[in-house]
Structures are given as C-alpha cells and as structure tokens.
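Take a look at this one; I'll ask things after.
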Amino acid sequence: MSEVVNVRNQNKIAYISMNRPEKRNALSVDMANQLLDAFHDADRGEEIRAIIFTGEGKAFSSGGDLETLDSLNNTAEIITYMKQALAVIQTIRQLDKYVISAVHGFAAGAGFSLAIAADFIVADTDAKFVSSFTNVGIIPDLGLLKALSDKLPSAVAKEWISSGKPVSAQEAYEKGIVNRVADGNLLEEAAEFARFIVEGPPLANRFVKQLVNHSNELTFDTNDMQEMAVQTLLLQSEDNKEGIQAFFEKRKPIFGGK
C-alpha cells in the first residue's frame with residue numbers, strides 16, 4: 001500500500017496531509033485508512049497540542065474517488081465505502097485535540113466535508129468550497145449537510161447545496177465557515193493561528209471542544225451539571241495552579257496538560 005498520507009510533527013503541531021496530488025487528493029479507501037491511523041496517532045502523542053490537516057499539490061481535496069465510486073456495484077459495497085469515509089469525519093470531530101483544516105485550491109464534495117469537520121478552517125485566498133453533490137444528482141454526505149445547516153441560515157445553506165456553486169474563501173469567512181483567510185504562506189499562517197492552542201491549556205481545550213460540539217444536544221440543566229463536573233476536575237489540575245501562579249507573577253503560564 002502506497003503512502004497517500006504524509007505526517008510530520010513540529011513545534012507541538014502534527015501536520016497531516018493528504019498525498020494524492022495527481023488525483024487532487026480524492027478520498028480513496030487507502031487514504032481513509034491512513035488518515036484514521038494518522039489522526040489517532042496524533043491524538044495520542046503527548047507532545048502534540050494541535051493538528052493541522054491539509055492536502056498536497058494544487059487542491060485540498062476534490063472529494064470522493066470517482067473511480068472507486070464508479071466501481072461500487074451494490075448497496076453493501078456502497079455502505080462499506082461510505083462507512084470508512086465517514087469514520088474519518090467522525091474521528092476528526094471526536095479527537096481530544098483541536099484540528100485546523102488548512103485549505104487551498106478546491107475543497108469540493110467530500111473534500112468540503114473533510115474541511116468543515118475540523119474545529120477551525122484557515123483558507124488560502126484562492127480557496128474554493130463547493131458542495132458539488134447535486135451536480136451529479138446526489139445530496140451532501142459525510143456530515144456536510146448538517147454542518148452547513150447548523151452554521152448557515154437555512155436559505156444560504158440550501159443555495160450553497162442545491163446550486164453547487166464555488167464559494168470563495170472570503171465569502172466563507174464572512175458567513176463564519178472560515179476562521180482566517182491567509183494572504184501569505186498557508187501552513188505558516190495556520191501554525192500562527194494555532195498558537196493559542198499550542199500555548200493554551202490542553203485539558204481545558206479538550207473539554208471545550210467536546211462540550212461545544214455537543215451543546216445542541218443538551219438542555220441548560222444538563223449542560224450546567226456537565227460544566228460543574230468538568231470545572232470541579234479542572235480546579236484541581238496542575239494547569240489551573242500554574243495559571244493562577246502565572247497571573248500573580250505577571251507572566252505567561254506554561255501549561256503541561258496535567
């Protein structure tokens with residue numbers, strides 16, 4: 001099996017990049033399997049504080065591998081492929097660590113699903129987001145339909161989905177889909193964006209991610225109880241003690257994640 005995912009670790013950041021540039025990083029079964037391994041390894045890495053997810057070549061990802069999709073002959077094969085692809089999306093959402101999608105070129109179809117599954121998006125000025133599913137007579141999948149419905153006014157979500165139009169990085173930023181538009185080196189700007197994560201408290205960030213991701217499932221009463229339980233744990237952590245000491249010493253805290 002060829003290496004269709006590249007991984008490197010630098011300055012407490014794991015860089016995970018899809019590596020099928022000749023296929024515009026279309027999501028194959030091999031790529032899905034290797035992405036799962038890479039994300040889990042990064043999440044377990046004690047020195048890793050954040051994950052930057054990107055694609056090699058001219059595009060972030062063109063979406064599903066059309067050659068693979070065209071070879072699927074029955075319902076069972078389609079479901080098997082979709083479950084494997086969906087596992088990547090679900091893993092990104094479920095990781096303890098924050099994931100930043102660094103998007104350049106096109107994030108189309110399932111590529112848009114991959115990008116928006118991350119906690120944050122830093123997009124190059126040339127980036128285009130395309131819900132291209134209706135162009136081939138299907139609906140968005142891999143969580144994209146719900147993600148757009150949750151993040152956008154319903155009329156805008158329906159327009160983006162049913163028109164299949166390319167959405168610029170600037171428009172996506174204005175609609176709250178993109179956190180930062182990069183006008184320089186994309187990965188350098190993504191790493192700069194990640195600084196508040198790398199220098200921040202890992203334990204608190206872990207709980208923030210999970211509580212925010214599940215906030216729409218909770219009543220206020222249930223949320224209040226969860227906040228109280230988490231806060232009780234964090235108030236006894238070494239990070240909390242370090243944060244308080246740094247405040248009194250008028251310096252930046254050095255969080256250890258304990």
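Only this structure's heavy atoms are used, side chains among them; waters, hydrogens and symmetry mates stay out. Worth saying up front: this structure is predicted, and the values here are computed from it rather than measured.
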Same apolar cluster (I L V M F W Y, side chains within < 4.5 Å links), Val208/Phe193: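 In one cluster: yes.
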Roughly how far, to the nearest 0.5 Å, is the CD1 atom of Ile89 from the CE atom of Met82?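 If we round to the nearest 0.5 Å, Met82:CE and Ile89:CD1 are 10.5 Å apart.
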Are more than 12 heavy atoms, taken from residues, nucleotides or ligands other than Ile254, located less than 6.0 Å from that residue's CD1 atom?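 Open.
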Given Leu233, Asn240, Leu235, the one that forms side chain to side chain contact (heavy atoms under 4.5 Å, CB included) with Ser237: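 For Ser237, the side chain to side chain contact (heavy atoms under 4.5 Å, CB included) test succeeds with only one of Leu233, Asn240, Leu235, which is Asn240.
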Pairing residues for Lys250 by the salt bridge (Lys or Arg N to Asp or Glu O under 4.0 Å) criterion, not counting sequence neighbours: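 Not a single residue meets the salt bridge (Lys or Arg N to Asp or Glu O under 4.0 Å) criterion with Lys250.
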Would Ile197 end up clustered with Phe39 when hydrophobic side chains under 4.5 Å apart are linked, directly or stepwise?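 In one cluster with Ile197: Phe39, no.
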Can you check whether Gly143's main-chain N or O pairs, donor with acceptor, with Ser113's side chain at less than 3.5 Å?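 Absent.
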Are the ring centres of Phe53 and Tyr15 closer than 6.0 Å?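 Ring centroids of Phe53 and Tyr15 are no less than 6.0 Å from each other.
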State whether the number of non-hydrogen atoms from other residues, nucleotides or ligands found under 6.0 Å of Glu217 atom CD is greater than 12.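 Yes.
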When you measure from the side chain of Glu238 to the backbone of Gly256, do you find a donor-acceptor pair of N or O atoms at a distance under 3.5 Å?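 Pair absent, no side-chain N/O of Glu238 close to backbone of Gly256.
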What closest approach, in Å, do Asn9 and Val7 show between heavy atoms, and which atom pair accounts for it?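 Smallest heavy-atom distance, with atoms named: OD1-CG1, 4.2 Å.
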Might you point out which heavy atoms bring Lys23 and Ser62 nearest each other, and give the distance in Å?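 Answer, listing the atom of Lys23 first, then Ser62: O-OG, 3.3 Å.
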Are Val136 and Leu27 connected in the hydrophobic side-chain network, where two residues link if heavy atoms are under 4.5 Å apart?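 Both belong to a single hydrophobic cluster.
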Side-chain heavy atoms of Ile161 within contact of Leu145, under 4.5 Å: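 The answer is yes; the side chains approach within 4.5 Å.
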The test is side-chain contact (heavy atoms from CB on, under 4.5 Å); show your working for Glu171 and Val167 and say whether it passes. CA-CA 6 Å; Glu171 182 178 356; Val167 177; 3.9 Å; yes
For Ile52 and Ala191, which heavy atoms make the closest approach, and how far apart are they?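 The pair with the smallest heavy-atom distance is CD1-N, 3.6 Å.
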State, yes or no, whether a side-chain contact exists between Val5 and Met31 at a heavy-atom distance under 4.5 Å.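 In short, these two side chains touch, coming nearer than 4.5 Å.
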In one Ile/Leu/Val/Met/Phe/Trp/Tyr side-chain cluster, 4.5 Å: Phe196, Leu211: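 No, no single cluster joins them.
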If we only count heavy atoms from C-beta on, is the Ile51 to Ile16 side-chain gap below 4.5 Å?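 Side-chain contact under 4.5 Å: yes.
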side-chain contact (heavy atoms from CB on, under 4.5 Å) assessment of Lys175 paired with Lys151: CA-CA 8 Å; Lys175 292 293 192 293; Lys151 295 173 184 290; over 6 Å; no
Quick one: does Gln210's side chain have a donor or acceptor within less than 3.5 Å of a partner on Leu95's backbone?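 Checked: pair present.
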For the pair Phe133 and Ile139, evaluate side-chain contact (heavy atoms from CB on, under 4.5 Å) and give the outcome as yes or no after the intermediate values. CA-CA 5 Å; Phe133 297 89; Ile139 65 169; 5.6 Å; no
Less than 4.5 Å apart, any side-chain heavy atom of Asn25 and any of Phe60?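 Counting from C-beta outward, Asn25 and Phe60 never come under 4.5 Å.
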Is any side-chain N of the basic residue among Glu192 and Arg195 closer than 4.0 Å to the acidic one's carboxylate O?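 Between Arg195 and Glu192 there is a salt bridge, with a charged N closer than 4.0 Å to a carboxylate O.
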Less than 4.5 Å apart, side chain to side chain, heavy atoms only: is that true for Ile177 and Leu152?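 Yes - at least one pair of side-chain heavy atoms lies under 4.5 Å apart.
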Test item: Thr134 side-chain N/O and Gly137 main-chain N/O as donor-acceptor pair under 3.5 Å: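 No, the answer is negative, given that no donor and acceptor are paired below the 3.5 Å cut-off.
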Do you know which two heavy atoms are closest between Leu142 and Ala110, and how far apart they sit?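 Closest pair (atom of Leu142, atom of Ala110, distance): CD1-CB, 3.7 Å.
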Does the side-chain contact (heavy atoms from CB on, under 4.5 Å) test come out yes or no for Leu148 and Leu144, once each step is laid out? CA-CA 6 Å; Leu148 292 178; Leu144 180 60; 3.8 Å; yes
Is a salt bridge present between Arg20 and Glu56, judged by a nitrogen-to-oxygen distance below 4.0 Å?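 Looking at Glu56 together with Arg20, the answer is no, because their closest N to O distance does not fall below 4.0 Å.
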Is Ile13 reachable from Ile100 through a run of I, L, V, M, F, W or Y residues, each pair having side-chain heavy atoms under 4.5 Å apart?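 Shared cluster, yes.
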Polar side-chain atom of Ser17 near backbone of Thr54 as donor-acceptor pair, under 3.5 Å: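 No; judged by distance alone, with no hydrogens or angles, the pair does not exist.
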With sequence neighbours left out, what residues match Ala246 under side chain to side chain contact (heavy atoms under 4.5 Å, CB included)?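 Result, side chain to side chain contact (heavy atoms under 4.5 Å, CB included) vs Ala246: Glu242, Arg251, Pro253.
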Restricting to pairs with a member in residues 82-103, which pass side chain to side chain donor-acceptor pair (under 3.5 Å), not counting sequence neighbours?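 Every pair satisfying side chain to side chain donor-acceptor pair (under 3.5 Å) with a residue in residues 82-103: Asn33-Gln84.
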So which heavy atom on Gly109 is nearest to which on Ser132, and how close?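 So the two residues come closest at N-OG, 3.3 Å.
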Tell me, please, which residues at least two apart from Gln245 pass side-chain hydrogen bond (donor to acceptor under 3.5 Å, both in side chains).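 With sequence neighbours excluded, Gln245 shows a side-chain hydrogen bond (donor to acceptor under 3.5 Å, both in side chains) to Glu249, given in chain and number order.
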Give every donor-acceptor pair under 3.5 Å between a side-chain atom in residues 221-230 and any protein atom, sequence neighbours left out.
from	atom 1	to	atom 2	distance (Å)
Thr222	OG1	Thr219	OG1	2.9
Asn223	ND2	Glu227	OE2	2.8

Shortest non-hydrogen contact between Pro202 and Phe255, atoms and distance: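 Pro202 and Phe255 have their closest heavy atoms at CD-CB, 4.0 Å.
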For residues 114-130, tabulate all N or O donor-acceptor pairs below 3.5 Å that involve a side-chain atom, not counting sequence neighbours.
from	atom 1	to	atom 2	distance (Å)
Asp119	OD2	Val99	N	2.7
Asp119	OD2	Lys209	NZ	3.1
Asp124	OD2	Asp126	N	3.1
Asp126	OD1	Gly105	N	3.3

